[in-house]
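One structure is given below, encoded as structure tokens.
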Amino acid sequence: MIDFILPLFGRFHPILVHLPIGILAFGIILVFLSKKGSNQHLDAIRLAFLLGGIAAVLSSVSGFLQYQYEGFAWDTVQFHFILGWSTVLASFWLFYEVNKESVFPKHLKWKSTGLFGLMLLTGHLGGNITHGEEYLIEVLPPEVLELMGVALQAEQGLVIPEQGWEQLAYYDQVVQPIINQNCKSCHNPQNLKGELDLTSYEALLKGGEGGSVLVAGNAGESSLYARLILPKDDEDHMPPEEKRQPQKEAIELIKAWIELGGTTNSKLGESNISAETLEPFFHRVEKPFYPEEIVEAASAETLDQLKFEGFFAEHVSEESNWLLISCINFQDFNNQDWTKLTPIKNQIVYLDLTGTEISDPILDSISSLPNLTVLKLNQTGISGSTLAALNSNQHLKNLYLNKTAISIDQLNLLNNHPSLEKVFAFETPLSEAEIPKDLSFYLENDLYQLPPLPTDTIEY
């Protein structure tokens, strides 16, 4: 009935360890505030070293019990354990030194400095055991780490190619990366919690203090999987509740591997895993929306002049030289005003001519913008007779033609455009036309209307 007392006391180690640190640090501070030959703080220093020594004993005993019951490897804790008891002895020795004197003892500051260094080293080793050796430095910028000669390699976790994933070695390229990211920090040769090492297939087969964690072909009987699906507040749930939890798809991959036989020679495609389950792990290189070309920045004088003319002009981001140009405050803009934009034609990626007085001939001028990505021609006199000119805009992705006279025949001039992805054509002849299914871009031509709600007819 009382067997839980010792393991419970061991789990108090992370709390108790702060007591000697605080008490002894207070005593050391008083030592350095005291003057040689004085007894001003002597009683407080004496008490601090005594209480600090007692607290260090409690901390060291609880630490030993935590090692005994929590599955830490001796190689991991031995130096921390030895230095912890060294701190105990040093604290009582300094208490003895102070207690036998009526005035401030000789060389006490040097001896206290030694105790402080011992505490720092002991605490550092304890932090390494709890958080890992790179805990303090892993938040530093890469440049600082490089200067220090440190190369941090965080566990990347599972990454799967969209093509050819069926041929991946199921254990080496799928299961082990999942284990590395979610389990390795507690189950490795330096930190054998539960006497379990999960850093290799051979170590996994060996199991831990509870026996084997893998029953080939039976995921339910394999604790490698069974512990993952326990409620988080269950003491047997792994990883512990306070740790980062694996994704549900990762757990499904482990289950399927075990049921496939739990070997190292199976392929991912041999399981019944669907591409949908693999979706969160697919490696995708996200292409930037705007062109990747590097262009010279428009001068401040040029931008000021554009704003004076009535244009809205700004950079699409602080780090970019690309420009967003809008005529929202320049509704009189017409074809003849185009020359005002020629100084920045290389920088324009977003051009909004909505509601202006332009007509079809301006499309030939717009086609000269080499990096144009978004073009808005809403509520203008554009009919589409020269729409084919936009095929020259190699980076055009989104085209807005709302409330224009554009027809399906003219829109077909842009079919197979090299980059066009979306065309928006609300309230145009396209709204009533039959749209071909072979368009190379997505066409949005019908306004979406919300269904009526019962509250819409309530009279107040």
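From a predicted model like this one, the values you see are computed outputs, not experimental measurements.
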So which of Asp360, Thr404, Ile406 actually passes side-chain contact (heavy atoms from CB on, under 4.5 Å) with Ser383?
Asp360
If we ignore hydrogens and angles and just use 3.5 Å, is the side chain of Ser222 paired with the main-chain N or O of Leu224 as donor and acceptor?
no
If you compare all heavy atoms of Leu396 against all heavy atoms of Ser419, which two are closest, and at what distance to 0.1 Å?
O-OG, 2.6 Å
Using only atom types and a distance under 3.5 Å, with no angle test, would you say the side chain of Thr122 pairs donor to acceptor with the backbone of Leu118?
yes
Taking Asp234 for the side chain and Leu230 for the main chain, is one N or O donor matched with an acceptor at less than 3.5 Å?
no
Other residues, nucleotides and ligands only: do more than 12 of their heavy atoms fall within 6.0 Å of CZ on Phe282?
yes
Please tell me whether Tyr350 and Lys376 have a donor and an acceptor in their side chains that are separated by less than 3.5 angstrom.
yes
Would you kindly say whether Ser431 and Asn445 are connected by a side-chain donor-acceptor distance under 3.5 Å?
no
Identified side-chain contact (heavy atoms from CB on, under 4.5 Å) counterpart of His187 within the set Leu196, Leu204, Ile179
Leu196
Aromatic ring proximity Phe330/Phe333, centre distance under 6.0 Å:
yes
Neighbour count >12 (heavy atoms, 6.0 Å) for atom CZ, Phe12:
no
Value rounded to 0.5 Å, distance of CG in Asn218 from CD in Glu259
7.5 Å
Any side-chain heavy-atom pair from Tyr170 and Ser271 closer than 4.5 angstrom?
yes
Give a yes or no answer on whether the side chain of His417 reaches the backbone of Leu390 with a donor-acceptor pair at less than 3.5 Å.
yes
Return the minimal non-hydrogen interatomic distance between Ser60 and Phe81, and the atom names on each side.
O-CE1, 4.4 Å
Check the side chains of Gln305 and Glu301 for a donor-acceptor pair under 3.5 angstrom, ignoring hydrogens and angles.
no
Which value, rounded to the nearest 0.5 Å, describes the distance between Leu387 atom CG and Leu413 atom CG?
6.0 Å
Testing the 3.5 Å rule here: is there a donor-acceptor pair between the side chains of Thr277 and Ser274?
yes
For the pair Asn393 (side chain) and Leu369 (backbone), establish whether a donor and an acceptor sit closer than 3.5 Å, ignoring hydrogens and angles.
yes
With sequence neighbours excluded, give me every ring pair (Phe, Tyr, Trp, His ring centres under 6.0 Å) pair touching residues 227-250.
none
Ile366/Trp338 under side chain to side chain contact (heavy atoms under 4.5 Å, CB included): CA gap, chis, key distance, verdict
CA-CA 9 Å; Ile366 291 175; Trp338 180 258; 3.9 Å; yes
Using modelled atom types and a 3.5 Å cut-off, is there a donor and acceptor pairing between side-chain atoms of Ser200 and backbone atoms of Ala203?
yes
If I compare all heavy atoms of Leu198 with all of Cys183, which pair ends up nearest, and what's the gap?
CD1-CB, 3.8 Å
Spacing of Tyr400 atom OH and Leu353 atom CG [to the nearest 0.5 Å]
14.0 Å
What pair of heavy atoms forms the shortest contact from Pro240 to Gln245, and how long is it?
O-NE2, 3.0 Å
Determine whether Leu377 and Leu399 make a side-chain contact, defined as any pair of heavy atoms from C-beta on separated by less than 4.5 Å.
yes
Identify the heavy atoms of Trp257 and Val175 that sit nearest to each other, and give their distance.
CG-CG2, 3.6 Å
Is it the case that the side chain of Asn402 and the backbone of Asn378 share a donor-acceptor pair, with hydrogens and angles ignored and the cut-off at 3.5 Å?
no
Please collect all salt bridge (Lys or Arg N to Asp or Glu O under 4.0 Å) contacts where either partner lies in residues 159-179, sequence neighbours excluded, each pair once.
Glu162-Arg284
Between Thr199 and Asp197, a side-chain donor and acceptor under 3.5 Å
yes
For Ser407 and Gln410, which I'm curious about, is there any donor-acceptor pair between the side chains at under 3.5 Å?
yes
With a cut-off of 6.0 Å (strictly less than), are more than 12 heavy atoms of other residues, nucleotides or ligands near CD1 of Ile328?
no
Over all atoms of both residues, closest heavy-atom pair of Lys340 and Pro343:
O-CD, 3.5 Å
Going through the distances and angles, do Leu260 and Asn272 end up as a side chain to side chain contact (heavy atoms under 4.5 Å, CB included)?
CA-CA 9 Å; Leu260 193 60; Asn272 58 358; over 6 Å; no
Candidate pair Gln379 and Thr354, rule side chain to side chain contact (heavy atoms under 4.5 Å, CB included), full reasoning
CA-CA 6 Å; Gln379 299 174 312; Thr354 297; 3.6 Å; yes
Measure the OG-CG distance between Ser365 and Asp337 for me, rounded to the nearest 0.5 Å.
11.5 Å
Does Cys327 offer a backbone N or O that forms a donor-acceptor pair with the side chain of Gln331 under 3.5 Å?
yes
In terms of heavy-atom contacts, does NZ of Lys267 have more than 12 from other residues, nucleotides or ligands at under 6.0 Å?
yes
Give a yes or no on whether Tyr201 atom OH has more than 12 heavy-atom contacts from other residues, nucleotides or ligands under 6.0 Å away.
yes
Where the side chain of Thr302 meets the backbone of Ala298, is there a donor-acceptor pair that is under 3.5 Å apart?
no
Spatial distance of atom NZ (Lys345) from atom CG (Leu323) [nearest 0.5 Å]
14.5 Å
Expected output: side-chain Gln347 to main-chain Glu296 donor-acceptor under 3.5 Å
yes
What distance do Thr342 atom OG1 and Ile348 atom CD1 have between them, rounded to the nearest 0.5 Å?
9.0 Å
Please evaluate residues Ser62 and Ser59 with respect to the criterion side chain to side chain donor-acceptor pair (under 3.5 Å), reporting the C-alpha separation (whole Å), side-chain torsions for both, the decisive distance (0.1 Å), and the verdict.
CA-CA 5 Å; Ser62 65; Ser59 176; 4.7 Å; no
By ring-ring contact (aromatic ring centres under 6.0 Å, His included), which residues pair with Tyr225, not counting sequence neighbours?
none
Test side chain to side chain contact (heavy atoms under 4.5 Å, CB included) on Leu420 and Val423; report intermediate values, then the result.
CA-CA 8 Å; Leu420 190 60; Val423 174; 3.5 Å; yes
Quick one: is the NZ or CZ of Lys422 closer than 6.0 Å to the six-membered ring centre of Phe441, and within 45° of its axis?
no
Short side-chain donor-acceptor distance under 3.5 Å, Asn335 and Ser359
yes
